[in-house]
Protein chains: 2
Amino acid sequence: MAKRLKAAERRASILAVAKVLFADKGYHGVAVDEIASRLGVSPAVLYHHFPSKEALYGEVLDTLAAQRESYVDAALQSPDDFGSVLLRMTLVFASSVARDPDYLKMEMLSTLEGAQVARQFFESHWKSFSDYIEYSMRELSQQNAVSQINPRTAGLMFQGMVREALYAKCILHSSRYQSTHLPDLITQLVGLFLNAIQYKE
Amino acid sequence: MAKRLKAAERRASILAVAKVLFADKGYHGVAVDEIASRLGVSPAVLYHHFPSKEALYGEVLDTLAAQRESYVDAALQSPDDFGSVLLRMTLVFASSVARDPDYLKMEMLSTLEGAQVARQFFESHWKSFSDYIEYSMRELSQQNAVSQINPRTAGLMFQGMVREALYAKCILHSSRYQSTHLPDLITQLVGLFLNAIQYKE
DNA sequence: ATTAAGTTAATAAACGTTTACTTAGTTAAC
DNA sequence: GTTAACTAAGTAAACGTTTATTAACTTAAT
């Protein structure tokens, strides 16, 4: 018999294992039995804690959402110029993804797999980023601190390059970018982005 | 009984249907029966043309690879300055993705699902892009046409922003970018990128 | 002794795949 | 030109597995 855990602990352990498996192979790619056997537990145990596989999947998603740090707020607490704030919040975000890459992977997987729930979740994750960029750029363009550039397009660019970096480093572990560490890479990218929108402090 | 097709036609029709389904829900998300019923055909038919579900999946991937246009070659045929060539080839690439978005979606899905085959396939797809950028930037930096920027990082940035744009427009059909048409969006992004690397003609 | 936590064993449904059979088309002999 | 023989394309049903899920029973902790 497996070690006896209290309900809350068992619940948490199920969520933990489910997260890495779902992140690895997606919803359909993981069998309930596989989760159970990884826990050293019979599949029936899962049904003491979650009504169904789908519900478990949903809770994993929720857990991820809850763990997410509000990097925007954090970065805004000590006000600074646009470039510094952007760099700071991107670094916080990146390190949180690096600490728990399953986050990003599951996000992308569930969106692609077309879970209705996931899409909203997915978009909201990045939305605060794009919103901040859009908002700041509109403000800066009034002060003529950035040239006439579509803020929405700039937001897309930023989101794309950050996601690509995190994807390449944290999920694919691509050898192409092995030599540069994530914070350096992010710093370079943010620098490039500021060039792109022709931002001058 | 379903309409009788010649072997080659049937084969093609299976591949066509399989492509959109696999692109939609991933390998595990699609049942053989579902493919068959979409074709209005019994599942056994699939096994007259493909030895297994996995083999079918593999052939879909191959088909996609074959259809891919060699946008790099195309763009290089009429030589021009870096910015123009880059824009031209990106537009060709984007329109090929727009014409057949399943391409990109399946690419991403199969990489995330961890198909061994897919990863190589996936990387090679974008590699020619990054390679071109890296190569050109090294050349340009010798002529001091771009500032001292890590070409590899720039390649990552470019790849990320292009992928994000294609993903948002062609797969998610995100309402956020509804107002801008894909070619315009791409043109803006390439412009931003040239700013980023401080490229002057 | 009760209750919470876990097990074993079973379920029905869905899965990929195979088998045995039928029908439509094509070809060659008469 | 018919018709008989053969091939190609498709079907229906069942295979054995795996899947998610449930029920009835057992064990440990308070």
Do A:S78 and A:R88 have side-chain atoms, one donor and one acceptor, less than 3.5 Å apart?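 Looking only at side-chain atoms, A:R88 and A:S78 do form a donor-acceptor pair, the distance falling under 3.5 Å.
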For B:F158, enumerate each residue passing the ring-ring contact (aromatic ring centres under 6.0 Å, His included) test, keeping only those at least two apart in sequence or located in another chain.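 For B:F158 the ring-ring contact (aromatic ring centres under 6.0 Å, His included) partners, ignoring immediate neighbours, are B:F129, B:F193.
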Scan nucleotides 15-21 of chain C nucleotide by nucleotide, 5' to 3', and note B when protein non-hydrogen atoms come under 4.0 Å of the base, S if they reach only the sugar-phosphate, - if neither. SSBBB--
Check whether any side-chain heavy atom of [X] sits under 4.5 Å from a side-chain heavy atom of [Y], and report yes or no.
X      : Y      : answer
A:N150 : B:T180 : yes
A:C170 : A:L104 : no
B:Y57  : B:V30  : no
B:V20  : B:R38  : yes

Among all residues two or more places apart in sequence or in another chain, which pass the side-chain hydrogen bond (donor to acceptor under 3.5 Å, both in side chains) test with A:S84?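 side-chain hydrogen bond (donor to acceptor under 3.5 Å, both in side chains) check on A:S84 returns A:D81.
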Using the test side-chain hydrogen bond (donor to acceptor under 3.5 Å, both in side chains), find all partners of B:E59 that sit at least two apart in sequence or belong to another chain.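 For B:E59 the side-chain hydrogen bond (donor to acceptor under 3.5 Å, both in side chains) partners, ignoring immediate neighbours, are B:R11.
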Are any of the side-chain nitrogens in A:K19 or A:D24 under 4.0 Å away from the carboxylate oxygens of its partner?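 Salt bridge absent between A:K19 and A:D24.
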Do the charged groups of B:E134 and A:R176 touch, with an N to O distance under 4.0 Å?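 Salt bridge between B:E134 and A:R176, a charged N being under 4.0 Å from a carboxylate O: yes.
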Canonical and wobble pairing (Watson-Crick, G-U, under 3.5 Å) of DNA chain D, dot-bracket with |: ||||||||||||||.||||.||||||||||
Rounded to the nearest Å, what distance is computed from the [atom1] atom of residue [X] to the [atom2] atom of nucleotide [N]?
X     : N     : atom1 : atom2 : result
A:H49 : C:dA5 : NE2   : P     : 7 Å
A:E9  : C:dG6 : CD    : C1'   : 14 Å
A:I14 : C:dG6 : CD1   : C1'   : 11 Å

May I ask you to evaluate whether B:R10 reaches the phosphate of D:dA9, defined as a side-chain N or O under 4.0 Å from OP1 or OP2?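 Answer is no, no contact under 4.0 Å.
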Under 3.5 Å, which protein N or O atoms sit close to an N or O of nucleotides 2-4 of chain C? Give each pair with its distance.
unit_1 : atom_1 : unit_2 : atom_2 : d
C:dA4  : N3     : A:R4   : NH2    : 3.1

